[in-house]
Undergrad: 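Pasting a structure here, questions to come.
If you're wondering where the values come from, they're calculated on a predicted model, not measured in any experiment. Residue numbers begin at 1 in each chain, while the letters A, B, ... track the order of the sequences.
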Protein chains: 2
Amino acid sequence: MNSPAPLSKTRMNAAERRQLVLAAASKAFARGGYYGTTTDAVAREAGVSQPYVVRMFGSKAELFREVFARAVERVMTEFEPVLAKISADPENEELWGEMGAAYTQLLLDDRDLLLVMMHGFAAGSTPEIGAQARTWMTRIYTEIRDRSGATPDQVRTFIAGGMLLNTLVAMEAPQHAANDADLAELASCAFGDGLDAAAGEAVDATG
Amino acid sequence: MNSPAPLSKTRMNAAERRQLVLAAASKAFARGGYYGTTTDAVAREAGVSQPYVVRMFGSKAELFREVFARAVERVMTEFEPVLAKISADPENEELWGEMGAAYTQLLLDDRDLLLVMMHGFAAGSTPEIGAQARTWMTRIYTEIRDRSGATPDQVRTFIAGGMLLNTLVAMEAPQHAANDADLAELASCAFGDGLDAAAGEAVDATG
DNA sequence: ACGATAAGTAATCAAGTGATAACCTGTCAA
DNA sequence: TTGACAGGTTATCACTTGATTACTTATCGT
């Protein structure tokens, strides 16, 4: 299937290589989701052989689980300081904007994380993934709720906004905003400022 | 691959059969998304042979496009009367609740529609699907905005709520709410009333 | 009756896919 | 030096999957 010429003869220790493969898998799964991504694509992205990827994680499903978990954990970590602020000053509605900004920033920083997260949720009807997806969604919800002391509806609204952002990124709305004023309006409304930075280079109208 | 014994010798005309296959495809794609669903699964669901499905629509991608389009169109149709009301009485904030209720009702009525829609959006990075996904998202946005006369942010908030509902349904949150009080709280907050009806039979904790 | 056309199916394929087994080769302790 | 283990790869498999081709058989106008 795939057998990249080893770029260098020097070897990595397993832990290092593992991180590298996880990063590659994150990128690959972000694009295609669970079913739409082959282990070979991950391997190529990582610059290793396909059997190595499979053996390293046992199975494709196991690999996805790990990538999924890392993504959610990273998101939660990024929320942490803002949640601390909200916890200290619960009345300050403005801090929710800061939460949104944190999410948007993460998106600009590493969109793959959020896309992986979304694909995990979307593949929730697949039993192997679904249970984990529910667990993570619950964790996200309770963490935000408990740390912020917000009402369920406040938390719901925030998470909902995140889901829309994920969706817009998944359909590459920012890249195509230049060709569609209405889509641009929705995107800029959802992303707030900093969208322009996110857009990167636009894509021609045929895309 | 699949060759179901013809249940009856009587034939349908193509148009009828087409609708039947589209309904089956809707169900199948709702579960697995684009990549996670085989044409054979669609065929089995429809009770026809796999080659027939492919030939009838030209390709799997074409079939999905049609299913996707029907789903979005159906959703828009369902919004129509409520949008008319909002248009006539723009100040009445309560009508947005009615929009949400319309969406929830559609969800209870035929969750497949919304799941297909979501999977279409989620698969947006696949070029064949992405362009259509963006077109539809734009259509939904402009339609709601123009017919209601609402601000972009009002519309954004509404669509965001829809995306969360889709996600929760995709991960089968209602069915598992009984086993997880926090997930149940989020779900009941997102769905509003009528969730209990949606839950149907719960599923044991291993699911 | 009959033949043309539409509504299907059976058989088959080439490509792709996750996984396994067997093998190679740096690296490092003794 | 050497030998053993960790870090990889090559080769290969069984199975799936979308698609194509060729065939069968209802149905209906004449």
Undergrad: Can you measure A/Asn13 atom CG to D/dC5 atom P for me and round it to whole angstrom units?
TA: 19 Å

Undergrad: Pull out every protein N or O sitting under 3.5 Å from an N or O of nucleotides 22-25 of chain D, one pair per line with the distance.
TA:
{"unit_1": "D/dT25", "atom_1": "O2", "unit_2": "B/Arg11", "atom_2": "NH1", "d": "3.0"}
{"unit_1": "D/dT25", "atom_1": "O2", "unit_2": "B/Arg11", "atom_2": "NH2", "d": "2.8"}

Undergrad: A/Arg17 has an atom CZ; how far is it from atom P of D/dA6, in whole Å?
TA: 17 Å

Undergrad: side-chain hydrogen bond (donor to acceptor under 3.5 Å, both in side chains): which pairs involve residues 157-168 of chain A, sequence neighbours left out?
TA: A/Tyr103-A/Asn166

Undergrad: Using whole Å, report how far CZ of B/Phe57 lies from P of D/dG18.
TA: 15 Å

Undergrad: Would you find a donor on one side and an acceptor on the other, under 3.5 Å apart, between the side chain of B/Ser26 and the backbone of B/Val67?
TA: no

Undergrad: Specify the residue among A/Tyr35 and B/Tyr52 whose closest nucleotide of DNA chain C lies further upstream toward the 5′ end.
TA: B/Tyr52

Undergrad: Of the nucleotides C/dT20, D/dG7, D/dT20, which has the atom closest to the B/Pro51 side chain?
TA: D/dT20

Undergrad: Of the nucleotides D/dT9, D/dA19, D/dG7, which one has an atom closest to the side chain of A/Val48?
TA: D/dT9

Undergrad: From the set C/dT9, C/dA7, C/dA19, return the single nucleotide nearest to any side-chain atom of B/Ser49.
TA: C/dT9

Undergrad: Determine whether B/Thr37 and B/Phe64 make a side-chain contact, defined as any pair of heavy atoms from C-beta on separated by less than 4.5 Å.
TA: no

Undergrad: How many whole angstroms separate atom CD of A/Glu128 from atom C1' of C/dG18?
TA: 13 Å

Undergrad: What is the separation between atom CD on A/Gln50 and atom P on D/dC13, rounded to the nearest whole Å?
TA: 15 Å

Undergrad: Apply side-chain contact (heavy atoms from CB on, under 4.5 Å) to residues A/Phe79 and A/Leu106 and explain how you reach the verdict.
TA: CA-CA 10 Å; A/Phe79 284 154; A/Leu106 196 55; over 6 Å; no

Undergrad: Report the distance from atom CE of B/Met12 to atom C1' of C/dT9, rounded to the nearest whole Å.
TA: 16 Å

Undergrad: Rounded to whole Å, please give me the gap between CD in B/Glu16 and P in C/dA6.
TA: 17 Å

Undergrad: If a pair satisfies side-chain hydrogen bond (donor to acceptor under 3.5 Å, both in side chains) and one of its residues is in residues 72-82 of chain A, list it, with sequence neighbours excluded.
TA: A/Arg74-A/Glu78, A/Glu80-A/Arg147

Undergrad: Choose from C/dG18, D/dG18, C/dG8 the nucleotide whose nearest atom is closest to any side-chain atom of B/Thr39.
TA: D/dG18

Undergrad: Verify the distance criterion only: is there a donor paired with an acceptor across the side chains of B/Asp180 and A/Thr138 at less than 3.5 Å?
TA: yes

Undergrad: Taking atom types as modelled, is there a side-chain donor on A/Arg134 or B/Gln175 under 3.5 Å from an acceptor on the other?
TA: no

Undergrad: Whole angstrom is fine here: how far is it from NZ in B/Lys60 over to P in D/dT17?
TA: 9 Å

